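Just below is one structure, and these are the notes that go with it.
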Amino acid sequence: MIVTMVHIWVKDQFVDDFIRATIDNHENTVKEPGNIRFDFLSDSGDKTKFVLYEVFESDEAVAVHKTTAHYLKWRDLVADWMVKPRQGIRHQAISPIDRSLW
């Protein structure tokens, strides 16, 4: 399993738009066959800081995700709303490995 934590800092005036756009991306991503988990989180101390917690079955599933219409729409729409480029930090799941436990 491939886990990526994407850290995103959004310009204050775009926070509400970013939330709406990311919810749309989330709702479509969780329907992808290779997606195990996709959580959209906000920093409790900074309303402009967000984290996407993404879990996919494989590198191939991640690659497919990055070609979907909803991801491409989201990527292009929110790009100018960010204070700086988003930072995706990739992890390898150690435990649990059993998909049913996610």
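Reckoned from all heavy atoms, side chains included, excluding hydrogens, waters and symmetry mates. Just so you know, these numbers come straight off a predicted model, no measurement behind them.
Counting all heavy atoms, side chain and backbone alike, Asn35 lies closest to Thr29 at CB-O, 3.4 Å. For the residue pair Lys66 and Leu72, the shortest heavy atom distance occurs at O-CD2, 3.5 Å.
Ring geometry, Trp81 versus Phe14: the interplanar angle falls under 30°, so the pair is classed parallel (tilted spans 30 to 60°).
The 12-atom threshold is exceeded at CG of Asp98, counting heavy atoms of other residues, nucleotides or ligands nearer than 6.0 Å. The environment of NZ in Lys11 is crowded: more than 12 heavy-atom neighbours from other residues, nucleotides or ligands sit within 6.0 Å. Atom CD1 of Ile97 is surrounded by more than 12 heavy atoms from other residues, nucleotides or ligands within 6.0 Å.
Between the Lys47 side chain and the Asp12 main chain, no donor and acceptor come within less than 3.5 Å of each other.
Residue Thr4 holds its OG1 atom at 10.0 Å from CD of Gln92, rounded to the nearest 0.5 Å. Separation of atoms CZ (Arg75) and CG (Asn25) is listed at 11.5 Å; rounding is to 0.5 Å. The OG atom of Ser58 sits 8.5 Å away from atom CD1 of Ile36, with the distance rounded to the nearest 0.5 Å. If you take CG on Leu77 and CZ on Arg20, they are separated by 10.5 Å, rounding to the nearest 0.5 Å.
Linking Ile, Leu, Val, Met, Phe, Trp and Tyr residues whenever their side-chain heavy atoms come within less than 4.5 Å places Val55 and Leu41 in a single cluster. Hydrophobic clustering (side-chain heavy atoms under 4.5 Å, transitive across Ile, Leu, Val, Met, Phe, Trp, Tyr) groups Trp74 together with Val6. Under the 4.5 Å side-chain heavy-atom criterion for Ile, Leu, Val, Met, Phe, Trp and Tyr, Trp9 and Val78 are members of distinct hydrophobic clusters. At a threshold of 4.5 Å between side-chain heavy atoms, the hydrophobic network of Ile, Leu, Val, Met, Phe, Trp and Tyr places Met5 and Phe56 in two separate groups. Linking Ile, Leu, Val, Met, Phe, Trp and Tyr residues whenever their side-chain heavy atoms come within less than 4.5 Å places Ile23 and Met82 in a single cluster.
The shortest distance between side-chain heavy atoms of His26 and Val30 falls below 4.5 Å. Side-chain contact between Glu54 and Ile2: absent, with no pair of heavy atoms (C-beta onward) separated by less than 4.5 Å. For the pair Leu52 and Phe40, the minimum side-chain heavy-atom distance is below 4.5 Å. Proximity of Val3 to Arg90: side-chain heavy atoms (C-beta onward) are nowhere separated by under 4.5 Å.
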| message | Walk me through whether Asn28 and Thr68 qualify under side chain to side chain contact (heavy atoms under 4.5 Å, CB included). | response | CA-CA 9 Å; Asn28 286 287; Thr68 61; over 6 Å; no
| task | Evaluate side chain to side chain contact (heavy atoms under 4.5 Å, CB included) for Phe50 paired with Ile19, printing each intermediate quantity in order. | result | CA-CA 9 Å; Phe50 300 89; Ile19 290 170; 3.9 Å; yes
| message | Using side chain to side chain contact (heavy atoms under 4.5 Å, CB included), reason through Val51 and Asp43 one step at a time and then give a plain yes or no. | response | CA-CA 8 Å; Val51 174; Asp43 187 311; over 6 Å; no
| request: Show your working on side chain to side chain contact (heavy atoms under 4.5 Å, CB included) between His65 and His70 and close with a plain yes or no. | output: CA-CA 9 Å; His65 168 66; His70 60 270; 4.2 Å; yes
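Of the candidates Lys49, Gln87, Arg86, His7 forms a side-chain hydrogen bond (donor to acceptor under 3.5 Å, both in side chains) with just one, namely Lys49.
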